[in-house]
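Only a predicted model underlies this, so the values are computations on that prediction, with no experimental measurement involved.
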Amino acid sequence: MDVLVSIAKFLVNEILSVPAYLIGLITAAGLIALRKPAGQVVGGAIKATLGFLLIGAGAGLVVSSLAPLGEMIQGATGAHGVIPTNEAIVGIAQAEYGARVAWLMILGFAVSLLLARFTPLRYVFLTGHHMLFMATLLTMVLASAGHGSVVVVLVGGVLLGIMLVAMPAFAHPWTKRVTGNNTVAIGHFGTAGYIAAGAAGQLVGKRSRSTEDMKLPEGLRFLRDSMVATALSMLLIYLVMAIVFLLKAGEKAAFEAFASDGGTAATDVGNYLMQSVMQGLQFGIAVAVILFGVRTILAELVPAFQGIAQRLVPGAVPSLDAPIVFPYAQNAVLIGFVSSFVGGLVSLGLLSAVFNPAFGLALVLPGLVPHFFTGGAAGVFGNATGGRRGAVVGAFLNGVLITFLPALLLKVLGAFGEENTTFGDADFGWFGALVGNAAKGGSVGGVVLMLAVGLVVLGAAVVVQRRVVDAGWVPGAGRDAYVPRGAPDEGAAPSAPRTYAKLAPPEGAPKPPPPPG
């Protein structure tokens with residue numbers, strides 16, 4: 001008996017409680033269920049395990065690179081400032097909650113398959129990294145509210161499953177407007193921004209022509225490389241904050257910012273500025289390491305989940321990553337990125353001047369990566385219903401959302417609210433804030449309130465699916481009478497064909513269907 005107990009303790013404490021091993025075992029189980037060869041099962045399990053370890057390594061780099069910036073922001077503004085980066089906050093949280101996140105993610109995906117099988121919401125969410133991000137967010141807000149591991153996994157799994165089928169349904173009328181068919185849905189937790197962009201396009205762009213009739217400079221397209229965009233954004237933010245902090249606090253205090261977290265203080269102004277540059281570049285490397293780890297895991301997990309889902313939910317609509325819509329309006333992607341970033345800057349000014357002093361909301365600095373991917377997709381949705389004006393206004397609203405919502409989310413993240421980074425996309429903000437505040441209702445009341453939030457979201461999604469999606473409502477259809485989709489600008493040849501720039505989705509993104517027309 002003692003031997004059996006020892007074996008059980010070993011399995012629980014040394015294997016199942018270690019997230020990297022757990023992910024490897026889950027991957028192996030999925031591949032076995034798909035009847036893959038033994039070599040592929042072993043190789044997939046090892047790759048998934050190594051991917052998880054890469055996330056932890058990248059998280060350590062993120063923490064060290066953000067520490068000096070936190071000192072600068074607080075010293076220069078007197079307020080706590082953060083840069084929303086999903087991969088960074090997930091990597092940091094894995095060290096404490098990794099096992100719970102893994103179990104919650106498994107349960108959530110299983111719940112989503114059941115909901116897809118037995119409700120009108122026949123969507124299978126295949127954007128694995130966003131599934132991981134939402135699982136981590138739910139784990140963090142429930143655990144920070146004091147709930148035990150069992151409640152975290154069970155309640156969080158139910159909430160995750162609901163979100164995986166509900167959000168694609170909410171966005172699907174606008175997604176069909178973009179793609180022109182029902183073959184794919186959006187499986188990305190920036191949905192609130194995309195819906196806002198599509199709705200704004202309907203309001204402001206009835207007579208506005210498509211962004212695809214415009215020509216944009218090729219020089220901006222290097223920003224599609226996420227590692228370059230991340231490093232550049234952080235480098236610029238570091239330099240700006242370093243200069244402001246230097247002018248406000250003086251050389252002695254400014255040079256000591258780099259001594260935080262075991263670093264070395266700057267020796268002079270030149271060294272101070274170049275250390276800022278290096279820290280910005282180090283952040284880009286850290287996020288790249290985390291992204292590579294996530295992709296390594298998901299390259300093995302997603303095929304296993306996808307194969308199982310196809311057998312359990314025949315005829316379901318796959319929900320894929322936001323870049324799936326990029327080929328439908330390439331110019332709108334870049335317009336949306338710029339407009340979203342401007343919205344982030346305007347919102348940062350409002351936070352600094354009004355909402356931080358009045359309500360204590362943290363300063364949320366705009367990062368190029370979240371603004372590019374969610375802002376670019378918002379630009380496509382806004383263009384589909386409102387042309388150029390829709391792309392600009394819709395993406396601007398997205399930038400406002402992904403600035404204010406993370407600031408509200410920080411209020412329910414407990415100690416993780418002090419990490420100088422947080423979740424960046426819109427749905428993480430509003431859903432995390434709702435669930436986090438509900439979770440504070442106590443061991444019983446909190447569970448009831450959280451499940452009530454989930455049921456409201458689920459019920460609303462079912463209503464939208466039945467009365468809007470299935471009924472065939474097409475947002476922005478009235479605009480077609482004024483500006484046919486793909487119509488050329490005045491002066492262009494009437495027979496000029498609609499063209500699409502050759503701008504591919506980011507590496508690792510799902511392969512999109514061919515553009516319409």
Side-chain angles (χ1 to χ4, degrees), residues 57-85 87-89 91-92 222-223 225-291 341-342 344-349 351-353 356-357 361-372 403 406-407 410 416-422 424:
L61 293 174
V62 166
V63 172
S64 62
S65 66
L66 286 179
L69 183 60
E71 296 285 333
M72 293 177 184
I73 292 172
Q74 292 183 18
T77 65
H80 179 58
V82 299
I83 300 172
T85 307
E87 293 81 5
I89 189 65
I92 294 170
F222 74 95
L223 294 174
D225 188 314
S226 62
M227 184 167 66
V228 173
T230 303
L232 177 61
S233 63
M234 285 302 300
L235 186 154
L236 294 175
I237 290 171
Y238 245 111
L239 279 177
V240 170
M241 295 310 304
I243 293 171
V244 172
F245 185 42
L246 178 64
L247 294 175
K248 184 173 182 179
E251 292 185 0
K252 182 177 180 180
F255 293 172
E256 288 296 321
F258 290 104
S260 62
D261 201 36
T264 303
T267 56
D268 54 39
V269 173
N271 180 252
Y272 172 73
L273 294 177
M274 291 312 297
Q275 282 204 51
S276 300
V277 170
M278 182 57 67
Q279 291 294 343
L281 297 175
Q282 289 282 6
F283 185 88
I285 293 172
V287 173
V289 170
I290 293 173
L291 281 170
F341 193 78
V342 171
L345 290 175
V346 172
S347 300
L348 174 61
L351 283 172
S352 178
N356 176 266
L361 293 182
L363 300 183
V364 177
L365 307 180
L368 288 182
V369 172
H371 281 284
F372 176 79
T403 303
L410 287 168
F416 289 97
E418 304 297 324
E419 290 290 350
N420 298 324
T421 187
T422 187

* **Reported CG-to-CD1 distance for the pair L410 and I89, which is rounded to 0.5 angstrom** => 8.5 Å
* Can you tell me how far the CE atom of M72 sits from the CD1 atom of I237, to the nearest 0.5 Å? -> 12.5 Å
* If you look at every heavy atom in F245 and A253, which pair is closest and at what distance? -> CE2-O, 3.8 Å
Side chains of residues 273-281: which donor-acceptor pairs under 3.5 Å do they make with residues two or more places apart or in other chains?
residue : atom : partner : partner atom : Å
Q275    : NE2  : N271    : OD1          : 2.9
S276    : OG   : Y272    : O            : 3.0

* Who are the side chain to side chain contact (heavy atoms under 4.5 Å, CB included) partners of A265, not counting sequence neighbours? -> E256, A259
* **Between CZ on residue F258 and OG1 on residue T264, distance to nearest 0.5 Å** => 11.0 Å
* Considering residues at least two apart in sequence or located in another chain, which fulfil the side chain to side chain donor-acceptor pair (under 3.5 Å) criterion with Q282? -> none
* Taking N356 for its side chain and L361 for its backbone only, find out whether a donor-acceptor pair lies under 3.5 Å. => yes
* Structure fact -> In this structure, CE of M234 is separated from CZ of F283 (nearest 0.5 Å) by 5.0 Å
* **Closest heavy-atom pair and its distance - P84, P370** => O-CG, 3.8 Å
* Structure fact -> Between G344 and T403 the two heavy atoms that sit nearest each other are CA-OG1, 3.3 Å
* Asked: Is any side-chain heavy atom of P406 less than 4.5 Å from a side-chain heavy atom of V82?
  -> no
* **Residue pair T421 / T85, side-chain heavy-atom distance below 4.5 Å** => yes
* Asked: Can you tell me how far CD of E87 sits from CD1 of I92, rounded to the nearest 0.5 angstrom?
  -> 11.5 Å
* **Min side-chain heavy-atom separation T422-F416 under 4.5 Å** => no
* For the residue pair L365 and L348, establish whether any side-chain heavy-atom pair is separated by less than 4.5 Å. => yes
